[in-house]
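Only a predicted model underlies this, so the values are computations on that prediction, with no experimental measurement involved. In the text below, chain A, chain B and the rest are named by the order of the sequence lines, each starting its count at 1.
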Amino acid sequence: MLKTHNCGELRACDAGSTVTLAGWVHRRRDHGGLIFFDLRDRSGIVQVVCDRSAPPQTQETASTLRPEYVVQVRGRVLRRPQGLENPDLPTGEIEVAASELTVLNPSRTPVFYINEESEVDEALRLRYRYLDLRRPRLQRNLILRHRTVKFIRDFLSERGFIEIETPMLIRSTPEGARDYVVPSRLHPGCFYALPQSPQQLKQLLMVAGFERYFQIARCMRDEDQRADRQPEFTQLDLEMSFVDREDVLELVESLFTALVPAVSDRRILQVPFPRLSYQEAIARYGSDKPDLRFGLELVDLTPLAAESSFQIFRQAVAAGGAVKGMRLPGCAGYSRKQIQELTDLAVKNGAKGLVWIARSTDEIRSPLSRAVGEGEMQALVHALALEPGDLGLTVADDARVASLVLGALRSELGPRLTALDDRVLAFAWVLDFPLLEWNAEEGRWQAVHHPFTAPLDEDLPYLEADPGRVRAKAYDIVANGYEVGGGSIRIHRREVQERMFRVLGLRDDEARTQFGHLLEAFEFGAPPHGGIAPGIDRLVMLLAGEPNIREVIAFPKTQRAADLMLGAPAPISERQLEELGLLVRVEKGANPA
RNA sequence: GGAGGCGUGGUGCAGCGGCCUAGCAUACCUCCCUGUCAAGGAGGAGAUCGCGGGUUCGAAUCCCGUCGCUUCCGCCA
C-alpha cells in the first residue's frame with residue numbers, strides 16, 4: 001500500500017506516530033515559508049504542514065502543489081499548538097508535519113470545484129462524472145446506496161432468501177414498456193430484449209422450487225425520462241412461494257422499518273404503514289401515490305352539487321360525474337393571477353375549469369356568488385370546512401377526472417403550503433388496484449400492473465363479462481408521493497393465465513408463441529406465489545433527500561438517454577453492422593451522434 | 001410527440017435594443033508573505049455572449065430555426 005493510514009481517521013491519539021498518507025490535494029494555503037495543504041481521501045481531510053524545518057526538497061514540492069494533485073506524504077502526526085485546533089474538522093486536533101512529499105500525479109485545473117459544494121451545469125457534471133463523483137455529495141450518496149443494498153442482502157439472506165442472477169439477454173414480449181433490444185449475430189434478423197424486469201424468470205424460479213428468491217436487478221425500459229426515471233435502473237426484485245398478500249406486505253414493511261434507521265437519519269412517519277385501497281387513494285388524495293406528509297384531503301361535494309342552482313355542478317352530477325373540492329388553508333388572499341395559475345394547472349390536468357370560494361373574515365368571494373343563493377354557499381363553505389382565510393377549490397367532472405385534477409393541485413400546493421420535512425418518510429400501501437384498464441388508443445384492455453397479476457378471487461367471475469370491475473391482488477408501496485415499489489400475487493394456474501391473455505386481446509397462438517414457456521411451466525406444479533419489486537434508486541433518493549435519482553446513480557444518463565461521458569449511444573462500424581445483418585436507415589431529421 | 005425554464009471568460013452569476021471597448025465573484029498565472037484552515041496582499045492573463053439565420057443605423061439583448069441540459073404532460077406490462 002502507498003499509505004499506512006486514512007486521512008480522515010487520524011486523531012489526537014495518533015500524535016507522535018509517523019504515517020504515510022496518499023490522496024488528493026484539497027486546498028493549499030501558502031504563506032511563503034509556511035505551507036499548509038489539506039489532503040483528502042475517501043475517509044476525509046487532514047491538514048499537512050510544511051515549514052522551514054522540512055527538507056528543502058519537500059518545501060520545494062509543497063510550493064508546486066495545486067488542487068487535485070495526487071500526492072504521497074510521509075510525516076509525523078502532531079498535536080496542533082494550543083488554540084489552533086479546527087473544531088470543524090474531525091481531524092482538527094492534529095496535523096501532519098511533512099518530511100517527504102511525492103507528487104504521484106499532477107492534475108489539470110478541475111473544470112469545476114471539487115472542494116466546494118456549488119451548483120454546476122448538469123451537462124458538465126455528467127461529462128466529467130468522475131470528477132463530480134469526487135465531491136462529498138455523491139460520495140455520501142453512493143456509500144449510502146452501498147449500505148442500503150448490503151442491509152437488504154443481509155436482511156433477506158437471514159430470512160431464507162436466495163440471491164439468484166437472471167439473464168440480461170431475454171425475449172421481447174408484448175405489453176409493457178418499450179424494450180431495449182440487442183441484435184443477434186448468430187441469428188440474423190433476430191433480437192434479444194434487455195429485461196424490463198426479471199418478472200417471468202422469477203416466477204419460473206418459484207416453479208423451480210426456490211421458494212424465496214431475490215435479486216438486486218438491473219432493469220431497462222426505453223421510455224422517456226423523468227427526475228425519478230432513468231433508462232436503466234435497479235430494483236430489489238423478490239418473489240416468494242406459498243404466500244398471500246399479507247406475507248409480502250409484512251416482509252417488506254419489516255425490511256423498510258429496519259433499514260431506514262440503520263442506514264439513515266430519516267424517520268418513518270407511521271408504523272405500521274397506513275393502508276389505502278386504490279379507490280380510497282384516488283377519492284381522498286386524487287393520486288395512487290399520495291404524499292401523506294400533509295393533509296389537503298379531497299372532499300366529495302357531489303350530494304350538494306346534485307341539488308345546486310349552479311348549472312355546471314348539476315349537469316356534472318346528472319351526467320354521472322362528481323363535484324370534488326379541496327380546502328387550502330390561509331389562501332383566501334390569493335390574487336387573480338395566482339388563482340389563474342391554479343386554473344391553468346387544473347385545465348392542463350384535464351379539468352374544464354376550476355371554481356373557487358374565498359372565505360375572508362367578513363365576506364365570501366366566489367364566481368359562484370352570482371349563481372347560487374346564500375344558503376347553498378353556506379352549505380358549500382361548511383362542506384369544504386372553510387375557515388376565515390381559507391380558499392376552497394372545486395372541480396366538476398367525471399369522478400375520476402375531478403379527483404385526479406385536485407390531486408395534481410394537491411401535489412403542487414402541499415409542499416408550498418406546508419413546511420415539508422424530507423427527513424420524514426411517509427410510507428403507505430395502496431391496495432386493490434384494478435386488474436385492467438381500457439386503452440382507448442389501442443381499443444383493448446391492458447394490465448394495470450402486468451399480465452401475470454392474479455385477480456381477487458371474488459372478482460374472477462367477471463374477468464370476461466366486466467373486465468373493468470375486476471380488482472387485482474396487486475399492491476404498491478409509496479412514500480412521500482413516489483411509487484417506491486409494486487407487486488402482486490401472481491396467477492399460477494394455466495387456465496387463469498390463458499383467460500387473462502385472452503382478455504388482453506392476445507390470440508391463443510400468440511400467447512403460446514410469446515408466453516408458452518410460462519404456460520407450460522404452470523402445468524408442472526407451479527406453487528402459489530407472489531412478490532414485489534421496490535426501486536432501489538428511488539428508495540436511496542428518498543433516504544438521501546435528493547430531488548432526482550441521478551444523484552444516487554454513479555453514471556446516469558441524460559433526459560435524452562445519453563451518456564455524456566462515454567458518448568453513448570454512438571454509431572457502430574460498417575463491419576459490425578454487416579456481422580449483425582443490419583442495414584441502418586436514418587430518418588430525416590434524426591441526429592446521428 | 002408536446003409545454004415551460006436555462007445556455008454570457010475555467011466555474012457560478014449580472015447585464016435583456018445604444019451608457020457593453022460585456023460587469024461581479026471565484027478559479028487560473030506571477031510576485032510578496034511562518035499559523036492558516038473559503039488564508040492574506042500586489043499585479044496579470046483569460047469571452048467568436050451555445051450555434052445558424054433574420055429584423056435594425058445599431059443585437060448578448062428582439063424574431064425565426066437549431067443544438068445541449070433540465071422540469072412537467074403524453075409514455076412508463
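- Looking at heavy-atom distances under 4.0 Å, A:Ser118 makes no contact with the nucleic acid at all.
- With rounding to whole Å, A:Ile549 atom CD1 is found 17 Å from B:rC76 atom P.
- In this structure, A:Ile35 atom CD1 and B:rG40 atom P are separated by 16 Å, rounded to whole Å.
- When rounded to the nearest whole Å, the span between CG of A:Leu345 and P of B:rU71 equals 18 Å.
- Within 4.0 Å (heavy atoms only), A:Thr453 reaches no atom of the nucleic acid at all.
- Distances from the side chain of A:Glu223 to the nucleotides B:rC76, B:rU11, B:rC69 place B:rC76 closest.
- Shown here, B:rC51 forms a base pair with B:rG65; the pair counts as Watson-Crick or G-U wobble because both key distances fall under 3.5 Å.
- Spacing between B:rG68 and B:rG50 at atom P, rounded to whole Å, works out to 16 Å.
- The closest donor-acceptor contact from the side chain of A:Thr234 to the backbone of A:Cys219 lies at 3.5 Å or more, if one exists at all.
- At B:rA39, one or more side-chain N or O atoms of A:Arg29 fall inside 4.0 Å of OP1 or OP2 (strictly under the cut-off).
- Look at CD on A:Glu175: it is 14 Å from C1' on B:rC76, rounded to the nearest Å.
- The base-pairing partner of B:rA25, taking Watson-Crick or G-U wobble contacts with both distances under 3.5 Å, is B:rU11.
- When the C1' atom is compared between B:rU34 and B:rU70, the two are found 49 Å apart, to the nearest whole Å.
- For the pair A:Asp121 CG and B:rG9 C1', the computed distance is 16 Å after rounding to whole Å.
- Across the protein-nucleic acid pair, A:Glu85 atom CD and B:rU36 atom C1' stand 14 Å apart, rounded to whole Å.
- Between A:Leu124 and A:Asp228, the residue whose closest nucleotide on RNA chain B is further toward the 5' end is A:Leu124.
- Base-pair partner of B:rU34: not found among the strands shown (Watson-Crick or G-U wobble, both distances under 3.5 Å).
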Ring pair (Phe, Tyr, Trp, His ring centres under 6.0 Å) assessment of A:Phe515 paired with A:Phe452:
CA-CA 11 Å; A:Phe515 298 104; A:Phe452 318 111; 5.7 Å; yes

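- Side chain of A:Glu119, nearest nucleotide from B:rU11, B:rU71, B:rG12: B:rG12.
- Residue contacts for A:Ile45: at a heavy-atom cut-off of 4.0 Å it reaches no nucleic acid atom on any strand shown.
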Could you go over nucleotides 22-29 of chain B and give all protein N or O partners under 3.5 Å, atom names and distances?
from: B:rU26; atom 1: O2'; to: A:Tyr113; atom 2: OH; distance (Å): 2.5
from: B:rU26; atom 1: O2; to: A:Tyr113; atom 2: OH; distance (Å): 3.1
from: B:rA27; atom 1: O4'; to: A:Tyr113; atom 2: OH; distance (Å): 3.1
from: B:rC29; atom 1: OP1; to: A:Arg66; atom 2: NE; distance (Å): 2.9

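- Where A:Thr558 and A:Pro198 meet RNA chain B, the nucleotide closest to each residue was compared, and A:Thr558 sits on the side nearer the 5' end.
- Side-chain contact between A:Ile35 and A:Gln59 is absent, with no heavy atoms from C-beta onward closer than 4.5 Å.
- Distance CD (A:Gln199) to P (B:rC76): 17 Å, rounded to an integer number of Å.
- When the P atom is compared between B:rA42 and B:rU26, the two are found 12 Å apart, to the nearest whole Å.
- Here the side chain of A:Glu122 is nearest to one of B:rG10, B:rG68, B:rU70, namely B:rU70.
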N/O to N/O distances under 3.5 Å, protein versus nucleotides 31-35 of chain B:
from: B:rC33; atom 1: N3; to: A:Asp30; atom 2: O; distance (Å): 3.3
from: B:rC33; atom 1: N3; to: A:Gly32; atom 2: N; distance (Å): 3.3
from: B:rU34; atom 1: OP2; to: A:His31; atom 2: O; distance (Å): 3.2
from: B:rU34; atom 1: OP2; to: A:Gly33; atom 2: N; distance (Å): 3.1
from: B:rG35; atom 1: N1; to: A:Glu95; atom 2: OE2; distance (Å): 3.0
from: B:rG35; atom 1: N2; to: A:Glu95; atom 2: OE1; distance (Å): 2.7
from: B:rG35; atom 1: N2; to: A:Glu95; atom 2: OE2; distance (Å): 3.1

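- With A:Arg137 as reference, A:Glu546 is the one residue of A:Glu119, A:Glu546, A:Glu117 to meet the salt bridge (Lys or Arg N to Asp or Glu O under 4.0 Å) rule.
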Below 3.5 Å between N/O atoms, which protein atoms pair up with nucleotides 1-8 of chain B? Just atom names and distances, please.
none

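- Nucleotides B:rG44 and B:rA27 place their C1' atoms 14 Å apart, quoted to the nearest Å.
- No side-chain heavy atom of A:Val19 sits less than 4.5 Å from a side-chain heavy atom of A:Arg76.
- Nucleotides B:rA47 and B:rU11 place their P atoms 13 Å apart, quoted to the nearest Å.
- The pairing partner recorded for B:rG17 is none, the criterion being a Watson-Crick or G-U wobble arrangement whose two distances lie under 3.5 angstrom.
- For the pair A:Arg493 (side chain) and A:Ala526 (backbone), a donor-acceptor distance under 3.5 Å is absent.
- Summarising the geometry of A:Ile491 relative to A:Ala454, their closest heavy-atom pair is CG1-CA, 3.6 Å, with the distance given to 0.1 Å.
- Although no hydrogens or angles enter the test, the distance criterion places a donor-acceptor pair under 3.5 Å between the side chain of A:Arg27 and the main chain of A:Asn115.
- Within the 4.5 Å cutoff, no side-chain heavy atoms of A:Leu435 are placed close to those of A:Arg471.
- Nucleotide B:rA3 forms a pair with B:rU71, judged by Watson-Crick or G-U wobble geometry with both contacts under 3.5 Å.
- If you take CG of A:Asp537 and C1' of B:rC76, they are 14 Å apart, rounded to a whole angstrom.
- Within the 4.0 angstrom heavy-atom criterion, only backbone atoms of the sugar-phosphate kind lie near A:Arg550; the bases stay farther away.
- Cation-pi geometry between A:Arg494 and A:Phe522 is not met: the NZ or CZ atom fails to fall both under 6.0 Å from the ring centre and inside 45° of the normal.
- Taking atom C1' on both nucleotides, B:rC16 is separated from B:rA60 by 8 Å, rounded to a whole Å.
- Comparing the P positions of B:rG4 and B:rU66 gives a spacing of 14 Å, expressed to the nearest Å.
- Looking at A:Asn6, its side chain never comes within 3.5 Å of a backbone N or O of A:Glu9 through a donor-acceptor pair.
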Please evaluate residues A:Glu68 and A:Arg40 with respect to the criterion salt bridge (Lys or Arg N to Asp or Glu O under 4.0 Å), reporting the C-alpha separation (whole Å), side-chain torsions for both, the decisive distance (0.1 Å), and the verdict.
CA-CA 9 Å; A:Glu68 301 311 308; A:Arg40 183 191 77 234; 2.9 Å; yes

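- Contact between A:Cys7 and A:Thr91 at its shortest, heavy atoms only, is O-CG2, 3.4 Å.
- Around CZ of A:Arg502, the count of heavy atoms belonging to other residues, nucleotides or ligands within 6.0 Å exceeds 12.
- Taking only distance into account, the side chain of A:Arg127 never meets the base of B:rC69 through a donor-acceptor pair shorter than 3.5 Å.
- A 4.5 Å side-chain heavy-atom check between A:Arg229 and A:Arg221 finds every atom pair outside the cut-off.
- Between B:rG12 and B:rC6, the distance separating the two C1' atoms is 14 Å to the nearest Å.
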